[in-house]
**Q** 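For reference, the structure I am asking about is given below.
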Amino acid sequence: MVGPVEKYLLDKINTEGTIHMTLVDPEKVTPKSASALAKDAEACGSAAIMVGGSTSDSTSQLDNVVKSLKESIEIPIILFPNNVTGITKYADAIWFMSLLNSADPYFLVGAQILGAPIIKKFGLEPLPLGYIIVGEGGTVSVVGKASPIPYNKPELAAAHALAAQYFGMRFVYLEAGSGVGNPVPGELIRLVKSVTTVPVIVGGGIRTGEQVKAVVEAGANIIVTGNVLEENKASHKIRELVDNMRACHKK
Ligand code: 1GP
């Protein structure tokens with residue numbers, strides 16, 4: 001069943017082509033700094049705030065950050081959990097994700113079995129997502145015991161994405177790893193888009209307007225950026241990324 005956050009995302013993708021999401025790592029912010037960043041993100045055109053990090057383990061810190069975000073912004077807050085500790089009742093929705101190229105059943109289905117009753121109890125909207133780590137992979141690939149798909153094997157990424165769709169997952173995430181040197185290449189995104197009909201999310205290492213253009217022109221439906229907003233004056237950066245994203249759809 002499609003809930004209100006998913007409907008909002010799909011409608012926005014339908015009208016705008018590609019949307020931007022700002023990722024907040026609850027371990028790297030205070031409730032106050034997270035709210036300031038999220039307000040900037042909302043004002044500059046981010047469609048949603050995602051909250052999560054590969055090594056987050058404090059639910060009380062997560063609660064405080066998301067509670068503060070909820071009081072500051074109107075756009076949806078979507079959890080991006082690394083584990084069961086990444087769930088808080090203060091969010092709107094949660095990427096209900098399976099790390100498809102993990103060798104560890106815990107990240108494929110184990111954590112999800114533990115998390116599902118909590119999600120139900122909190123009334124969070126689950127957004128079924130196939131999570132695929134590509135390229136360098138970064139911290140998440142080590143923590144998630146994944147074998148990242150090399151950039152020169154796009155057909156493997158496409159096979160993973162198609163499997164996600166056939167499982168009934170309604171989004172696919174191509175994750176290069178937070179803070180990596182090279183974002184997902186256009187060629188890989190293009191091949192994935194040519195076989196799947198579900199929206200494709202792309203993130204990891206996106207820092208510049210040029211990189212945004214490459215990802216959007218290859219067909220990404222959702223772009224996620226996190227690190228670059230911590231390194232730079234966030235509002236300028238988000239504006240630059242969102243403007244480049246929108247420019248691609250005006251051509
Ligand atoms: C990480 O894809 C996201 O899960 C975002 O990566 O922090 O490099 O923007 P960055």
Side-chain angles (χ1 to χ4, degrees), residues 20-42 46-73 75-99 102 104 106-107 110-112 114-115 118-119 122 124 126-127 129 131 133 135-146 148 173 175-181 183 201-207 222-235 237-238 241:
H20 176 259
M21 292 192 188
T22 295
L23 174 64
V24 172
D25 184 337
E27 304 244 290
K28 295 189 187 160
V29 292
T30 62
K32 205 172 154 202
S33 70
S35 289
L37 172 63
K39 277 186 192 165
D40 278 346
E42 183 175 51
S46 258
I49 303 294
M50 284 169 48
V51 184
S54 302
T55 54
S56 309
D57 61 358
S58 165
T59 307
S60 63
Q61 166 78 356
L62 179 69
D63 278 347
N64 292 333
V65 166
V66 176
K67 216 192 293 184
S68 169
L69 288 173
K70 197 67 202 151
E71 287 161 8
S72 315
I73 53 169
I75 51 176
I77 301 167
I78 304 174
L79 299 173
F80 184 43
N82 62 323
N83 208 330
V84 187
T85 47
I87 309 174
T88 169
K89 63 181 172 191
Y90 299 106
D92 299 298
I94 181 165
W95 290 121
F96 194 76
M97 50 203 274
S98 174
L99 175 43
S102 176
D104 186 340
Y106 182 76
F107 294 106
Q112 296 79 348
L114 294 174
I118 307 173
I119 292 168
F122 288 170
L124 294 166
L127 305 168
L129 167 73
Y131 191 50
I133 301 183
E136 204 180 306
T139 307
V140 66
S141 113
V142 178
V143 173
K145 301 191 181 70
Y173 195 135
E175 171 68 85
S178 188
V180 297
I201 307 168
V202 177
I206 298 172
R207 292 182 178 77
I222 301 177
I223 298 178
V224 181
T225 59
N227 256 281
V228 74
L229 310 177
E230 292 156 19
E231 296 159 9
N232 292 271
K233 195 166 177 334
S235 56
K237 201 48 173 175
I238 300 169
L241 301 176

**Q** CG of L124 to CD1 of I78: how many Å apart, nearest 0.5 Å?
**A**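 The CD1 atom of I78 is 11.5 Å from CG of L124, to the nearest 0.5 Å.
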**Q** My understanding is that only residues two or more places apart in sequence, or in another chain, count here; which of them pass side-chain contact (heavy atoms from CB on, under 4.5 Å) with N82?
**A**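 N82 satisfies side-chain contact (heavy atoms from CB on, under 4.5 Å) with S56, T85 only.
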**Q** Check side-chain contact (heavy atoms from CB on, under 4.5 Å) between A41 and all other residues, then give those that pass, not counting sequence neighbours.
**A**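 So A41 forms a side-chain contact (heavy atoms from CB on, under 4.5 Å) with T22, S46, I49, I238.
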**Q** Please, which pairs that meet salt bridge (charged side-chain N to carboxylate O under 4.0 Å, His left out) have at least one residue in residues 85-96, sequence neighbours excluded?
**A**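 Found K70-D92.
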**Q** When rounded to the nearest 0.5 angstrom, what is the spacing between OG1 in T225 and CE in M50?
**A**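 One gets 10.0 Å once the value is rounded to the nearest 0.5 Å.
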**Q** Which residues satisfy the side-chain contact (heavy atoms from CB on, under 4.5 Å) test with E42, sequence neighbours excluded?
**A**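 Testing E42 for side-chain contact (heavy atoms from CB on, under 4.5 Å), a comparison that skips the adjacent residues, returns I73, E74, I75.
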**Q** Is there a side chain to side chain donor-acceptor pair (under 3.5 Å) between Y106 and N83 once you walk through the steps?
**A** CA-CA 9 Å; Y106 182 76; N83 208 330; 2.5 Å; yes
**Q** Looking at residues at least two apart in the chain, or sitting in another chain, which of them share a side chain to side chain donor-acceptor pair (under 3.5 Å) with T139?
**A**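 Side chain to side chain donor-acceptor pair (under 3.5 Å) check on T139 returns nothing, list empty.
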**Q** Checking K145 now: which residues fulfil salt bridge (Lys or Arg N to Asp or Glu O under 4.0 Å) with it, not counting sequence neighbours?
**A**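 K145 satisfies salt bridge (Lys or Arg N to Asp or Glu O under 4.0 Å) with D104 only.
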**Q** Just by distance, do the side chain of Q61 and the backbone of P26 share a donor-acceptor pair under 3.5 Å?
**A**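 Confirmed, Q61 side chain pairs with P26 backbone.
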**Q** Please round to the nearest 0.5 Å and tell me the distance separating atom CG of N64 and atom OG of S58.
**A**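 Interatomic distance, N64 CG to S58 OG, rounded to 0.5 Å: 8.0 Å.
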**Q** Could I get the full list of side-chain contact (heavy atoms from CB on, under 4.5 Å) partners for S141, not counting sequence neighbours?
**A**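 For S141, the residues satisfying side-chain contact (heavy atoms from CB on, under 4.5 Å) (neighbours in sequence not counted) are I133, A146, P148.
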**Q** Counting only N and O atoms by type, is there a donor-acceptor contact under 3.5 Å from the side chain of S72 to the main-chain atoms of K39?
**A**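 No: the side chain of S72 does not pair with the backbone of K39.
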**Q** Give the minimum heavy-atom separation between D63 and T88, together with the two atoms involved.
**A**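 The pair with the smallest heavy-atom distance is OD1-OG1, 2.6 Å.
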**Q** Considering residues at least two apart in sequence or located in another chain, which fulfil the side chain to side chain donor-acceptor pair (under 3.5 Å) criterion with K67?
**A**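 Listed in chain order: nothing, the list is empty.
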**Q** Please list, chain by chain and in numerical order, all residues satisfying side chain to side chain donor-acceptor pair (under 3.5 Å) with N227, sequence neighbours excluded.
**A**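 Checked N227 against side chain to side chain donor-acceptor pair (under 3.5 Å); matches are S178.
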**Q** Return the CE to CG distance between M97 and L99, rounded to the nearest 0.5 Å.
**A**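 So the CE of M97 and the CG of L99 are separated by 7.0 Å.
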**Q** Indicate the atoms forming the closest heavy-atom contact of W95 with I201, along with that distance.
**A**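 Heavy-atom minimum between the residues: CH2-CD1, 3.6 Å.
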**Q** For Y173, what residues pass the ring-ring contact (aromatic ring centres under 6.0 Å, His included) criterion, not counting sequence neighbours?
**A**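 Checked Y173 against ring-ring contact (aromatic ring centres under 6.0 Å, His included); matches are F80, Y131.
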**Q** Who are the salt bridge (Lys or Arg N to Asp or Glu O under 4.0 Å) partners of K28, not counting sequence neighbours?
**A**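 Residues passing salt bridge (Lys or Arg N to Asp or Glu O under 4.0 Å) with K28: E230.
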**Q** Who are the salt bridge (Lys or Arg N to Asp or Glu O under 4.0 Å) partners of D40, not counting sequence neighbours?
**A**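 With neighbours one apart ignored, the set is empty.
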**Q** For a quick test of reading the model, state the closest non-hydrogen atom pair linking I94 to P81 and the distance between them.
**A**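 Shortest heavy-atom separation between I94 and P81 comes out as CD1-CG, 3.8 Å.
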**Q** Return the minimal non-hydrogen interatomic distance between S68 and P31, and the atom names on each side.
**A**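 For S68 and P31, the tightest heavy-atom pair comes out as OG-O, 3.0 Å.
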**Q** Yes or no on side-chain contact (heavy atoms from CB on, under 4.5 Å) for E71 and S35, after CA distance, side-chain angles and deciding distance?
**A** CA-CA 8 Å; E71 287 161 8; S35 289; over 6 Å; no
**Q** Give the minimum heavy-atom separation between A91 and L79, together with the two atoms involved.
**A**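 So the two residues come closest at CB-CG, 3.5 Å.
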**Q** Measure the spacing between CZ of F96 and CG of L129 and express it to the nearest 0.5 Å.
**A**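 It is 10.5 Å, given to the nearest 0.5 Å.
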**Q** Show the nearest heavy-atom pair for residues G205 and P183, with the distance to one decimal.
**A**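 Residues G205 and P183, closest heavy atoms: O-CG, 3.4 Å.
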